[in-house]
Amino acid sequence: MSIRTRTTHRYDVVVIGSGPGGLAAAIAAKKAGADDVLIVERDHELGGILLQCIHNGFGLEIFGEDLPGPSYAQRFIDDVQALNIATLRDTMVLEIDETPVQAGDRRTLYVTGGRAGFSEIEAKAVVLAMGCRERTRAQIRIPGTRPAGVYTAGTAQRWVNVEGYMPGKRVVILGSGDIGMIMARRLTFEGAKVERVLEVMPYLTGLSRNYVQGLLDFDIPLQLQHTVKRIIGRDRVEAVE
């Protein structure tokens with residue numbers, strides 16, 4: 001059994017995350033004169049959440065085309081490859097050294113992954129482009145047991161669009177954000193019955209376009225100033241109050 005030794009690499013700019021923000025930041029750094037740029041991505045592919053956003057609506061402002069998410073991401077990935085920007089995929093950043101540094105000094109990142117093992121990366125600049133995380137059921141404090149069938153909209157999106165699994169046949173969506181409304185339409189396409197979309201605020205929180213195309217066009221009810229007070233069911237969701 002071999003033990004991988006720790007290695008150290010040096011870059012001018014290290015970008016953590018390869019979604020649209022991370023890819024664009026790496027490309028901009030390279031074009032601005034940074035010699036050595038590295039993108040660190042925890043997934044196996046570059047592109048971030050765009051890879052599961054198979055609907056159109058991307059690229060109109062930058063490329064003048066209406067593109068689905070994966071095609072939009074590929075435009076940036078092509079630029080990354082053309083500029084010879086290094087990538088380190090299947091790799092997690094464990095820690096960024098918080099020791100105070102002076103101008104011109106390098107920070108140290110500690111990373112680990114299945115391909116490279118444990119490594120130290122020194123960088124003059126670090127760009128954090130990890131995106132965001134949806135709040136879970138526990139974080140929004142919905143009481144009830146913990147049955148199967150409760151997912152964030154992003155998780156459901158990945159299941160359906162990337163993994164090919166259906167999260168359920170009858171669905172209630174909490175929140176009128178864009179991904180929630182887009183998934184209401186997507187689940188309807190796949191044969192599920194979306195009972196309604198609930199929104200605690202007195203107004204829509206996503207784009208009007210997604211409300212029209214995702215809910216109105218499919219007669220999916222939207223109830224404003226409503227939220228889920230309790231989840232009912234033990235092994236699997238049976239109802240919500």
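Given the structure is predicted, the values throughout are model-derived calculations rather than measurements.
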- Query: What are the two closest heavy atoms between Val13 and Ala34, and how far apart are they?
  - Reply: CG2-CB, 4.0 Å

- Any chance you could measure Leu51, atom CG, to Gln157, atom CD, to the nearest 0.5 Å? 10.5 Å

- Without swapping roles, check the side chain of Gln139 against the backbone of Thr136 for a donor-acceptor pair under 3.5 Å. yes

- Side-chain heavy-atom pair Lys30, Val80 within 4.5 angstrom cut-off: no

- Item | Check ion pair Glu122-Arg10 (N to O, under 4.0 angstrom) | yes

- Donor-acceptor under 3.5 Å (Glu134 side chain, Gly154 main chain): yes

- Hey, what do you get for CG (Leu67) to CZ (Arg75), rounding to the nearest 0.5 Å? 5.0 Å

- Give a yes or no on whether Arg137 atom CZ has more than 12 heavy-atom contacts from other residues, nucleotides or ligands under 6.0 Å away. yes

- Message: Strictly distance-based, threshold 3.5 Å: is any side-chain N or O of Asp43 a donor or acceptor partner for the main-chain N or O of Gly48?
- Response: no

- Smallest separation among heavy atoms of Gly168 and Val171, with atom names: O-CG2, 4.4 Å

- Item | Within-4.5 Å side-chain heavy-atom neighbours: Lys31 and Leu83 | yes

- Given the rule that I, L, V, M, F, W and Y join up when any side-chain heavy atoms are under 4.5 Å apart, are Val172 and Leu222 in one cluster? no

- Message: Using 0.5 Å steps for rounding, measure from the CG atom of Leu38 to the CD1 atom of Ile16.
- Response: 9.5 Å

- Query: Does Arg89 offer a backbone N or O that forms a donor-acceptor pair with the side chain of Thr91 under 3.5 Å?
  - Reply: yes

- Run the side chain to side chain contact (heavy atoms under 4.5 Å, CB included) check on Asp217 and Val212 step by step: do they pass? CA-CA 6 Å; Asp217 287 354; Val212 173; 4.0 Å; yes

- Message: Using 0.5 Å steps for rounding, measure from the OG1 atom of Thr152 to the CG atom of Leu174.
- Response: 12.0 Å

- Quick one: do Tyr211 and Tyr203 end up in the same hydrophobic cluster if we chain Ile, Leu, Val, Met, Phe, Trp and Tyr together by side-chain heavy atoms under 4.5 Å apart? no

- Query: Quick check: does any side chain N or O of Arg106 sit under 3.5 Å from a backbone N or O of Tyr11, one acting as donor and the other as acceptor?
  - Reply: yes

- Item | Shortest non-hydrogen contact between Phe218 and Gln213, atoms and distance | CE1-O, 3.2 Å

- Message: Restricting to non-hydrogen atoms, name the atom on Ser176 and the atom on Val197 that form the minimum distance, rounded to 0.1 Å.
- Response: CA-CG1, 4.2 Å

- Message: Donor-acceptor pair, distance only, cut-off 3.5 Å: does the side chain of Asp90 make one with the backbone of Gly113?
- Response: no

- Message: Please say yes or no: joined through hydrophobic side-chain contacts below 4.5 Å, possibly via intermediate residues, are Leu204 and Leu216 part of one cluster?
- Response: yes

- Message: Would you say that Leu207 contacts Met181 through its side chain, given a criterion of any heavy-atom pair below 4.5 Å between the two side chains?
- Response: no

- Task: Please say whether more than 12 non-hydrogen atoms of neighbouring residues, nucleotides or ligands are located less than 6.0 Å from CZ in Arg141.
- Result: no

- Message: Rounded to the nearest 0.5 Å, what separates atom CD1 in Ile121 from atom CG in Leu88?
- Response: 5.5 Å

- Smallest heavy-atom separation, Ala129 atom then Val15 atom, equals CB-CG1, 4.3 Å

- Query: Do Phe58 and Ile49 sit in the same hydrophobic cluster, where Ile, Leu, Val, Met, Phe, Trp and Tyr count as joined when their side-chain heavy atoms come under 4.5 Å apart?
  - Reply: no

- Task: For residues Ile54 and Arg186, determine if any side-chain heavy atom of one lies less than 4.5 Å from a side-chain heavy atom of the other.
- Result: yes

- Query: So, do Leu224 and Pro202 sit near enough that their side-chain heavy atoms are less than 4.5 Å apart?
  - Reply: no

- Rounding to 0.5 Å, atoms CG (Asp79) and CD (Gln74) come to a distance of 10.0 Å

- Message: With a 4.5 Å cut-off on side-chain heavy atoms, are Asp235 and Pro147 touching?
- Response: no

- Item | Min side-chain heavy-atom separation Asp12-Val37 under 4.5 Å | no

- Should Asp97 and Arg107 count as an ion pair when the cut-off is N to O under 4.0 Å? no

- Message: Using 30° and 60° as the class boundaries, would you call the ring planes of Tyr72 and Phe76 parallel, tilted or perpendicular?
- Response: perpendicular

- Message: For a quick test of reading the model, state the closest non-hydrogen atom pair linking Ala123 to Leu109 and the distance between them.
- Response: CB-CD1, 4.2 Å

- Message: Counting C-beta onward and ignoring hydrogens, is there a side-chain heavy-atom pair between Ile96 and Leu128 closer than 4.5 Å?
- Response: yes

- Task: Say whether Val40 and Leu46 are linked into one hydrophobic cluster, either directly or through other cluster members, by side-chain heavy-atom distances under 4.5 angstrom.
- Result: no

